[in-house]
*Asks:* 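This is the structure I want to talk about, given as C-alpha cells.
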Number of protein chains: 2
Amino acid sequence: MNIPRVVIVGGGFAGIECAKAFKNQPVEVLIVDRQNHHLFQPLLYQVASAGLAAPEIAHPIRSIFFNQDNVEVLMDEITGIDLEKRRLATPEREIAYDYLVLALGVKTGYFGKNEWERHARGLKSLDDATAIRREVLHAFEKAEACADPVERERLMTAVVIGGGPTGVELAGAFAELARHVLLRDFKNINTDEAKIHLIEAQDRLLTMYDPALSDYTRRTLEGMGVTVHLGCPVSDLREGEVVLKDGTIRAANLVWAAGIEAPAITRTLGVETDRAGRPIVETDLSLPGRPEVFVVGDLASCVDQAGKRVPGLCPAAMQMGRHAAKVILDEVKGRKGKGYDVRRQFRYFDKGSMATIGRSHAVAESMGMKFDGFVAWLMWLFIHLLFLVGFRNRAAVLMQWFYAYVRYRRGARIITGLERPPA
Amino acid sequence: MNIPRVVIVGGGFAGIECAKAFKNQPVEVLIVDRQNHHLFQPLLYQVASAGLAAPEIAHPIRSIFFNQDNVEVLMDEITGIDLEKRRLATPEREIAYDYLVLALGVKTGYFGKNEWERHARGLKSLDDATAIRREVLHAFEKAEACADPVERERLMTAVVIGGGPTGVELAGAFAELARHVLLRDFKNINTDEAKIHLIEAQDRLLTMYDPALSDYTRRTLEGMGVTVHLGCPVSDLREGEVVLKDGTIRAANLVWAAGIEAPAITRTLGVETDRAGRPIVETDLSLPGRPEVFVVGDLASCVDQAGKRVPGLCPAAMQMGRHAAKVILDEVKGRKGKGYDVRRQFRYFDKGSMATIGRSHAVAESMGMKFDGFVAWLMWLFIHLLFLVGFRNRAAVLMQWFYAYVRYRRGARIITGLERPPA
C-alpha cells in the first residue's frame, strides 16, 4: 500500500502541532505556508510596540522539522482547493493529498466594512507589526518637529479598536512606550501627554474572562493613562479619524483588533460557515461529508464533544492539531474494535487564558481560579517563554524583557521600511 | 551674543561624534537625519546574511543624546542647501545655521550605469539588508520546490560584485549560510551545492591591504567554496545575469558592493568634487571659500595634513567629526594667539583596518603589523562589539554570535516584507 500523504496548510500552532504528532508514523507530511516562518502570535503586539525585534518571535518552519524525516515544507500560497479530486493548486503547481488539514488561521475582519482596512491596520503578521511600529514611532518624530499644537495632539494620539487580549495588550504597551520608554528621548514634546484610546463595543474588556478581571484590567489601563471607552461601537472610520456615538477622535495611529475573518479561499469549500466565514466542523474536526478533510486552529468554528465552543487561542489550536493527527492515524493504522467504532471526538481541555497589561500587570484564569497583578504577570512571562520555539528566541526574548524591565528601555524602537529612492 | 547654532546633517559615525564633541559647550546642535537611527554599518552584511536582526545594529539617534541638553534631533530629509543665506530646506521647513556639518555619507554608486541598480541591489541601509536577506532566503525556498535542474542552479547562485571589505564579508557570510546554517533545513536540495561568486575588477581582493593579506583572503574564501574572479570587470548587468569578459553568470541574487557615490544634494553645492561626486575639502575639513561649512565622514574627499588620502572607514569618520567640532569651538570661543593663527588641520590617525571572512577568519592591519586567521578574528569581534552603540545591542549581538559560533545557526533567517494582500 502507498504511504498516505497528509497535506497541512498553515504553519501556525495548529499546523505545527499536527505535523509533530506524525513523527515516526507511516504517513508523508507536507506543510504549505506562504511565509517561511512559524510566528509566535501572542507576542506580535511587542514587535508593534518596539519591545522585540521581528526575528525574535519567529522561527523558520523547516528548521522545526529538520530531524523529522517524513515532513516536507513548501513556501507557497494555496490558490485553489479541489475537494472532489483531492488536489490543491498554487500559482505554479498542483498538490495531491490523501488527507488535508486546513490550518490557515484567520485574518483581520472589519465586519464587512472592508473600506475601513485602509484606515486602521490589523495586527496579524510580522509585516503588520513592523508597519505599526514604524507608524507610531514616526508620528512621535513628526510631533517633535511640529509647531501646531492641534496637529501635534493628533500625532500623539493612538486609538486601539477592540478590547480583547490583543487590544488590551497593545494599548498597555503603547502607554508604556509613550510614558516611560520615549519620555527622555524627546525634547520639544512631552510624550507623557500622548493619548491612547481603547475602544470596545461591549460593556467590558476581555469579555471571555470573569467580570472582576475585566474590571481590574480597565482600572489598570486607566492607571497607565489609557482612556477606555466601553459600550462604544465604532460608527465610522476615516483617514486618521474614528467616529463614536459620543464624538470623533482624531489620531495619527489607528489599530484594528476588533474582528476576525476567514481567508477568502475557505469560501470556495462550499460548506456551512459561521458569521466570520469559518467552516463549521464536525466534532471530530472534519468537514461535514469530507472525512479526509480537517479544519483546525482559529479557522475552525467548532463546538466540542462537551458542547463547548472552542476559543481562538493557542492551546486550543495545538490541541486541535494533535486531535486531527490522531484521527488520521487511527484510520491509517486501521484501528478497529471497541472504542474505534466511531471516530474520536474532540474535547477542548481548557488550561486557562491570560493577558498582560504592561509591566508587572496581567490577568489569568485557569481551572476556575482567577489571578491578577504581579503573580499573573509572572505566570504570563513564564508560559510565553516556555512556548516560544527555539532556544535562541527564548534566550533573546528573556534578555530583552529583563532589560526592558530594569531599565524601562526598548531595544527595537527603530524605524525601518520608510526608505525613499536615494536623493 | 547669541549662542551659535550648529546643524549636523547625518547621524552616522561622523555626525554622532561631532555632536558628542559639543557636550557642555556653548553651541546649540541640531542633528538632521532621514532615519531615526544611527546604523552600525560595518555589521550590515550580517543582517543581509540572516545573522543579526535589524534592531540589533541600530540605535535611535535621540536616545544617544538624551542626556546632552544642547542637542536636538530632527527626522527629516534635506532637500536644499542655500550656502549664501546659510539655510537648509526640508519638504516642510527651513533650518538656519551658523555652522553646517555635512555628514550625509555616500550611497551605492554604479559608475554612471544607473540602470544597473534595478538588477543588483547595494548594501547601505537596513532596508537594503532586509531586502537582500528576504531575496536570498526566498531563492532557496523556491529552489527546494523546483523540479528543473537548470532553474534550481540559478536559484542557488549568488553573485557579489566588488572585492572590498563589504564584498568579502558578504561572500563569506553567504557561503556559511548555504554550507552550514541552511544545510539541514532543506530536504530536496543540497544547499552545499549553492554557488557564491565574488567578482573584482582589480587583480586582488581588499586592495587597501598588504598583498599577503589579499592572498590569504582569497585562499580562505576559496576554501569556503566561494568562486573568486579577479581582474574581471563587469561588462554588463541584466535581470538575473552578470556578464564578464569570460562568460555570463546566471544568478537569482546579485549584490553590488563595487562603488560609492555622493548623494545628489551635494551637487547643488557648486564645489569641486572627485569622481564619486564627493566635495573636495580643505585640510581643516571646510568647504573651499565657506569656512562655516564642513564636510566630514565618507562624504568628504580629503587629503590630510600629512598628504595622506583619508579612507572611507569608521575611525576616519569619527576623527573627522571630532575635528570639525574642535575647529568650530576654537572659533566660537575666540581662541587666539600662538597655535591659533591658522585653523587646526586634520590629521588622520590610522589605527588600522580589518575585515572578517566568516567564522574564525579575518585579516587586520594595524601600525604596520599584519594579522590573519583566528587572532585577527578575535580582534575584529572585540573591536566591533566595543563600538556598537548601546549596552543592549552589545549584549544581544554577543549572544547571537556566541550562538552562531557554537551551534552554526543563525537566528534571523526569516522572510519578512513579502506580504501580498490577504487572499
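Chain letters run A, B, ... following the sequence lines, proteins first and then strands; every chain starts at 1. The structure presented is a predicted model; accordingly, all values stated were derived computationally and were not measured.
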*Asks:* Among B:Glu92, B:Glu144, B:Lys124, single out the residue with the greatest number of heavy-atom pairs under 4.5 Å to chain A.
*Replies:* B:Glu144
*Asks:* Sub-3.5 Å donor-acceptor pair from the side chain of B:Arg34 to the main-chain atoms of B:Asp76, do we have one?
*Replies:* no
*Asks:* Side chain, backbone, both or neither: which part of A:Asn67 has a non-hydrogen atom closer than 4.5 Å to chain B?
*Replies:* neither
*Asks:* Checking heavy atoms, do the side chain of A:Glu261, its backbone, both or neither come under 4.5 Å from chain B?
*Replies:* neither
*Asks:* Under 3.5 Å, is there a donor-acceptor pair between the side chain of A:Gln68 and the main chain of A:Ala19?
*Replies:* yes
*Asks:* Is the number of heavy atoms from other residues, nucleotides or ligands under 6.0 Å of B:Lys113 NZ greater than 12?
*Replies:* no
*Asks:* Of all the heavy-atom pairs spanning A:Leu299 and A:Arg278, show the shortest one and how long it is.
*Replies:* O-CB, 3.1 Å
*Asks:* Which atoms of B:Arg267 are under 4.5 Å from chain A, going by heavy atoms: the side chain, the backbone, both sets, or neither?
*Replies:* neither
